[in-house]
Amino acid sequence: MSASPERPVRVRFAPSPTGYLHIGGARTALFNWLFARKHGGTFILRVEDTDQKRYVPDSEQDIKDNLRWLGLTWDEGPDVGGAHGPYHQSQRSDLYRQWADWLVEHGYAYRCNCTAERLEDLRKQQEASKQTPGYDRHCRDLHLGAEIGEHVVRFQMPLDGETTINDLIRGPISFRNADLQDLVLLKSDGLPTYHLANVVDDHFMEISHILRADEWIATAPLHAQLYAAFGWEMPQIAHLPVILSPSGKGKLSKRDQAFQDGTMKVLVQVREYRRAGYLPEAVVNWLTNIGWAFGDDREIFPVAESIPRFDLANVNPAGGKLPFEKLEWLNGQYMQMLSVEDLAARVRPFFEQAGLAVDDDRLRRLVPLIRERIKTLPDAVEMAGFVFLETVTLEDPKQLVQKGMDAAGTVAALRAAHETLAGLAAFSAAAQEPPMRQLCEALGLKPGQLFGAVRVAVTAQQVSPPLFETMEIIGQATCLTRIRAAADRLEQLYG
RNA sequence: GCCCCCAUCGUCUAGUGGCCCAGGACGUGGCCCUCUCAAGGCCAAAACAGGGGUUCGAAUCCCCUUAGGGGCACCA
């Protein structure tokens, strides 16, 4: 039953199109992808669309788009094809049916026509009498034929003995067969359950290693028994640790959308990370570091460098929570590493979405100023959107008044600044600073007071990129207009 | 209830019997730098869940307890 070590590495990510790509799913995909790349193997995408009830039409597209966004491209699967297709389980029904029949014929499975009502009653009884819930094997020895009409096919689990799974991360895990269920393999709609489909597909797609979330551990012995019944070699298997909800209750996968946990925004779907302005390379770096460590005490590493180091033997079996604060930091680090060109291109759509008319020259000059001040792409809009605005308006002119100053003094300071700045022949930051500092002394103000008032006048914000560089980008005329307007308004209202 | 996984700072982790009175990172606090905010630099607080073994020696191996998690579907 153990796989031959020399078997070519072929791994798969097999999502079900019942929802958008989840961050936990992305992590599973990432580890599969890393494993494949490490071993020069093949990474396969397989769509497990056998649940018609929960099918979400645009979820497959979302899954594919976001895998690509993360750079987790597949070598075989939808859109790219391959020699082991089709890669949608809904197109492989005949195969599953054929092998389900084979199991029945060979005494490894049986037909069952127990009704949903009977199963429901059974479960209620078992709960009432505090018994372990599960199918009572009513039809197991009835040898029902195909003529019974609507029915399912159940696996005939051996009643004694043990099944041992050799998990690559956890070592051997044993189960008493008597504790295992006669699970449904083929549903009454003729489609397979996960258990049958994944075994048949993994076999015919020549999957060498199964890397999946650890919620599958409990059904692994069933899968092992299926391989044994078919007489097929079982792939090597490893169960990846789950990602837990930061709120401390349950696994994250139970929530399917972003939610608020205290002061922290918890993002769940990959599309939410994308929209929130995280860089895919930062997300990948972050995800790689949950359950696995690069080594050498390094926290920041490009994916290309983690490939040769990746090893299942170093995967931590314990589940963990997503460290969101670390993503914020990592994202900031990655943004600092990007070229001006690159960051400008990435930040541009966010300005546009905010309805701002982006000027390329200004944007390129702005990027170095905001690069180390933003954590996510849309932060740039909040920090420096005023650069692309014709006029800015202050909610309350009182905001111009800095600590230790009054309205009259502020008006005077602004007018003095206006005069100083208006007198400059060149409006570069370097040209602005010395006379403005002299002005501080002349007015008896601290730099923070004068510059603060000018900052608010020019940007309508208390916080901005460095003042002189910012004014240089905005331009002399616009700055002067804004300073005068601010002084006028303050004087009018509080003078 | 039954079966299974799992357990190092608040969080992500390093540690595969002596190099560990436990290292890194995020976050937190302090200081420095400073036109705001950041970034950066320096410093600090902060963990081997508990109890038994094994061993000359245990964070590392074994057992029990406890905590957390998963599963017990005609969902994946």
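Since the structure is predicted, the reported quantities are computational estimates derived from the model, not experimental observations. These numbers come from the heavy atoms of this one structure, side chains and all, not from hydrogens, waters or symmetry mates.
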Fill in: Span that lies between the C1' atom of B/rG51 and that of B/rC43, in whole angstrom
38 Å
Practice prompt. Using whole Å, report how far NE2 of A/His22 lies from P of B/rC75.
Written response: 21 Å
Practice prompt. Flag the pair A/Asp296 and A/Arg309 as a salt bridge only when some basic side-chain nitrogen lies within less than 4.0 angstrom of an acidic carboxylate oxygen.
Written response: yes
Practice prompt. Specify the separation, in whole Å, of atom CD of A/Glu325 and atom C1' of B/rG29.
Written response: 16 Å
Response to the item:
Checking B/rA38, B/rA76, B/rU36 against the side chain of A/Thr193 (C-beta onward), the nearest is B/rA76
Practice prompt. Report yes if a donor N or O on one partner sits less than 3.5 Å from an acceptor N or O on the other, where the partners are the side chain of A/Glu299 and the base of B/rG24; otherwise report no.
Written response: yes
Response to the item:
In Watson-Crick or G-U wobble terms, with both distances under 3.5 Å, the base opposite B/rG40 is B/rC32
Practice prompt. Tell me what A/Gly291 touches on the nucleic acid: a base, only sugar-phosphate, or nothing, going by heavy atoms under 4.0 Å.
Written response: sugar-phosphate
Worksheet item: From the list B/rA14, B/rA76, B/rC35, which nucleotide is the closest neighbour of the side chain of A/Arg54?
Response: B/rA76
Discussion item. Can you say whether a donor on the side chain of A/Ser188 sits under 3.5 Å from an acceptor on the base of B/rC74, or the other way round?
Written reply: yes
Practice prompt. Using the P atom as the reference point in each nucleotide, state the distance between B/rU8 and B/rU60 in Å, no decimals.
Written response: 12 Å
Discussion item. Is the phosphate of B/rA76 approached by A/Thr50 (side-chain N or O, under 4.0 Å from OP1 or OP2)?
Written reply: yes
Worksheet entry | Donor-acceptor side-chain pairing of A/His239 and A/Arg212 below 3.5 angstrom | yes
Worksheet item: Quick one: A/Gln333 CD to B/rC26 C1', roughly how many Å, whole number?
Response: 11 Å
Discussion item. Need the pair for B/rC21. Rule: Watson-Crick or G-U wobble, both distances under 3.5 Å, any strand; none if unpaired.
Written reply: none
Worksheet item: Which part of the nucleic acid, if any, lies within contact of A/Phe175, taking any heavy atom under 4.0 Å across all strands shown: a base, the sugar-phosphate backbone alone, or nothing?
Response: sugar-phosphate
Practice prompt. Starting at atom CD1 of A/Ile290, determine the distance to atom P of B/rA14, rounded to an integer number of angstrom.
Written response: 12 Å
Discussion item. Whole angstroms only, please: what is the CD-P distance between A/Gln462 and B/rA38?
Written reply: 14 Å
Discussion item. By the 4.0 Å heavy-atom rule, please label A/Gly320 as base, sugar-phosphate, or nothing.
Written reply: sugar-phosphate
Item to complete: Determine which nucleotide pairs with B/rG10, using a 3.5 Å limit on both distances of a Watson-Crick or G-U wobble pair.
Response: B/rC26
Discussion item. When the C1' atoms of B/rG10 and B/rC48 are compared, how many Å lie between them, rounded to an integer?
Written reply: 16 Å
Item to complete: Among B/rA14, B/rG1, B/rU36, find the nucleotide with the atom closest to the side chain of A/Ala293.
Response: B/rA14
Worksheet item: From B/rC37, B/rC74, B/rG71, pick the nucleotide closest to the side chain of A/Lys53?
Response: B/rC74
Worksheet, complete the sentence: Winner on side-chain proximity to A/Lys321, out of B/rG70, B/rU11, B/rU36, is B/rU11
Response to the item:
Side-chain atoms of A/Ile217 come closest, of B/rC4, B/rA76, B/rG71, to B/rC4
Item to complete: Please work out if A/Asp167 contacts a base, only the sugar-phosphate, or nothing of the nucleic acid, heavy-atom cut-off 4.0 Å.
Response: nothing
Worksheet item: Just checking A/Pro466: base, sugar-phosphate only, or nothing, at a heavy-atom cut-off of under 4.0 Å?
Response: base
Worksheet item: Given B/rC3, B/rC35, B/rG70, which nucleotide is nearest the side-chain atoms of A/Asp179?
Response: B/rC3
Discussion item. By nearest atom, which of the nucleotides B/rC74, B/rG70, B/rA39 is closest to the A/Lys251 side chain?
Written reply: B/rG70
Practice prompt. Using atom NZ of A/Lys326 as one end and atom P of B/rU13 as the other, report the distance to the nearest whole Å.
Written response: 8 Å
Worksheet item: Do the charged groups of A/Arg137 and A/Asp182 touch, with an N to O distance under 4.0 Å?
Response: yes
Worksheet item: Do A/Arg176 and A/Asp179 sit within salt-bridge range, that is, some charged N less than 4.0 Å from a carboxylate O?
Response: yes
Item to complete: Give one of base, sugar-phosphate or nothing for A/Arg176, where a contact means two heavy atoms less than 4.0 Å apart.
Response: sugar-phosphate
Item to complete: Please work out if A/Asp49 contacts a base, only the sugar-phosphate, or nothing of the nucleic acid, heavy-atom cut-off 4.0 Å.
Response: nothing
Practice prompt. Please check if any side-chain donor atom of A/Gln257 sits under 3.5 Å from a side-chain acceptor atom of A/Tyr20, or the reverse.
Written response: no
Worksheet item: Salt bridge or not for A/Asp342 and A/Arg346, using N-O below 4.0 Å?
Response: yes
Fill in: Interatomic distance, A/Gln89 CD vs B/rC74 C1' [rounded to whole Å]
16 Å
Worksheet entry | Worked check of side-chain hydrogen bond (donor to acceptor under 3.5 Å, both in side chains) between A/Glu150 and A/Asn113 | CA-CA 7 Å; A/Glu150 190 167 284; A/Asn113 61 356; over 6 Å; no
Worksheet item: Between A/Leu222 (CG) and B/rG70 (P), how many Å, whole number?
Response: 21 Å
Worksheet, complete the sentence: Checking B/rC35, B/rC5, B/rG71 against the side chain of A/Asp214 (C-beta onward), the nearest is B/rC5
Worksheet item: From the list B/rC74, B/rG27, B/rA38, which nucleotide is the closest neighbour of the side chain of A/Arg123?
Response: B/rC74
Worksheet item: Would you say the side chain of A/Arg170 and the base of B/rC5 hold a donor-acceptor pair, judged only by whether the two atoms sit under 3.5 Å apart?
Response: no
